[in-house]
Number of protein chains: 2
Amino acid sequence: MSERESERSVSQTVRAQMALRDLILSGSLRPGERISELQAVEITSVSRTPVRLALVRLEDEGLLQAIPSGGFMVKAFSERDILDSIELRGTLEGLAARFAAERGASARSLEPLKECLADLDQLVRQDPISVEAFSAYVTLNARFHALLTELSGSAPVIRQIDRASAMPFASPSAFVMAQSALPEAHNILLIGQEHHRIVVDAIENREGARAEAIMREHARLAVRNLRLALRNRNHLDLLPALALLTSATSD
Amino acid sequence: MSERESERSVSQTVRAQMALRDLILSGSLRPGERISELQAVEITSVSRTPVRLALVRLEDEGLLQAIPSGGFMVKAFSERDILDSIELRGTLEGLAARFAAERGASARSLEPLKECLADLDQLVRQDPISVEAFSAYVTLNARFHALLTELSGSAPVIRQIDRASAMPFASPSAFVMAQSALPEAHNILLIGQEHHRIVVDAIENREGARAEAIMREHARLAVRNLRLALRNRNHLDLLPALALLTSATSD
DNA sequence: AATCGATTTCCTGTATACATCTTGAATTCT
DNA sequence: AGAATTCAAGATGTATACAGGAAATCGATT
């Protein structure tokens, strides 16, 4: 999940992958644009072999699309695609929460999640929430979701959630920063935190259906955030992931 | 989905991928076993470049696991993993069915699904079901599930379902053939077909919750099949996918 | 006899050269 | 003038050579 790998001593493949991903997410490479290997070689300054590997990895990461006749192009997403991806993540996280509840997560395994919950509580308590607090929230929120996912105890489920969350606009914290510019910011954060509390409670009490339902609803909070952010377009710069959106945003 | 690509004129990468997949699924390469590139080169008779590509593809297909120090090993699965993968597919297909229902699939788009349903009906009507009929059922069943998935109208959902179904033991038709040897065979097929009927009806009537619930339950039929097949182990040879199961089956 | 260390071997990561196919443009024919 | 065909340029698929590193084996020392 962390991409701060000291820059040097990482494989050329990973370096190329990161460089290309940044270029795609920043919008330097437009959706639909074909990206040739030689182009990528020039950009990343590594040879074709690792570049090709990076392209393949980015393809199944979901950022690129294979062209039938060979090569890749930057994938384009509709607003509907983004909303669906969020709903998809919510559904999968719901499954994870249900598994955690039904299978009786031990008190010990719940401990880290509760700690994370407490940390989040402390953050949302401040009334005018600073930008730094928002940043910290993003980190803690990601951690909460990761812990919850792991609590499912199911490798296939964890794997699938990771893949779904790999889409930059579908990750649990994708649109949190967008809130920071909104007047409703604090309220939304409070509601999200309430969801967190409920899912922990539900898991603790073995209430599978409740745990599942609340995680689905929780994801829909991200949908709300996105819609709000798109409406007052002032702060779209906080959402680099939207560079992948077709017929949208800028210009 | 079909792998009959005329053998010649397919890329070396694909050829290597198919060959290695067959070897893994047939159990020739044991779970946990490390598979070196040179080994793969000898097996497939193609050079290292396409072999490496094939290995990467098989990794995100889920059959291989990357070793931190480099290289790959055949992934091993517990019985729990398999059951979870099936539940996972059911959950995703439930989401697809709900989308199809909520978004109002047009009468025209429902047509192929209904045709497929009718074809299936004709098959399950015979009382002692021949082995050939079972085979035909597998094909039609796969088609039904594919059509249903597409009816969601959501590319992200379709993509995720395809990925989940790529696991050989999680595909909709994985354990149908195992039934053919069971006395309960006909009943299970009838129940499955009833599920098919219900989901079409639910979609037609815009009953999202019903459509979702029935697809979840439908997947659990596969769980039942698997459990039955594992109990009377006579016909495990019909389940090549189980070669990936750890501490199990043969010997 | 066991453990530590050094050497050797094999394996992966990377770069590049070559062949084939696709694509686009220019020219020619209708 | 428009369309079709051919040719050229570039891009991808494939093979292989080279380098760096990991792991296993063998030997030496305690």
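Note on naming: letters A, B, ... go to the chains in the order of the sequence lines (proteins, then strands), and numbering restarts at 1 for each one.
Using a 4.0 Å heavy-atom criterion, one finds that B:S36 contacts the sugar-phosphate atoms exclusively. Across all strands, B:L53 comes closer than 4.0 Å to no nucleic acid atom at all (heavy-atom distances).
Map A:R34 and A:T13 each onto its nearest nucleotide of DNA chain C; the residue landing nearer the 5' end is A:T13.
For the pair B:M73 CE and D:dA23 P, the interatomic distance rounds to 14 Å; values are reported in whole Å. A:I67 places its CD1 atom 12 Å from the P atom of D:dA11, with the value rounded to the nearest Å. Per the geometry, CD1 belonging to B:I35 stands 19 Å off P belonging to C:dC10, to the nearest Å. One interatomic measurement links the two molecules: CD of A:Q12 to P of D:dA19, which rounds to 16 Å at whole-angstrom precision.
Each of C:dT14, D:dT12, D:dA15 was ranked by its minimum atom distance to the side chain of A:R52; first place goes to D:dT12. The A:L38 side chain lies nearest to D:dA11 when the options are D:dT14, D:dA11, D:dA15. Side chain of A:R48, nearest nucleotide from C:dG13, D:dG13, D:dA11: D:dG13. Of the candidates C:dC11, C:dG13, C:dT14, C:dG13 carries the atom nearest the B:E37 side chain, counting heavy atoms from C-beta on.
A donor-acceptor pair shorter than 3.5 Å cannot be found between the side chains of A:S152 and A:S154.
The side-chain contact (heavy atoms from CB on, under 4.5 Å) test with B:L63 singles out one residue from B:L20, B:L25, B:V74, and that residue is B:L25.
Salt bridge present: A:R103 and B:D84 bring a charged side-chain N and a carboxylate O closer than 4.0 Å. Ion pair B:E59/A:R57 flagged as a salt bridge, since at least one NZ, NE, NH1 or NH2 atom sits closer than 4.0 Å to an Asp/Glu carboxylate oxygen.
One donor-acceptor pair, N or O on each side, does fall under 3.5 Å between the base of C:dT16 and the side chain of A:T49. Judged by atom type and distance alone, B:S69 does not reach the base of D:dA22 through any side-chain donor-acceptor pair under 3.5 Å.
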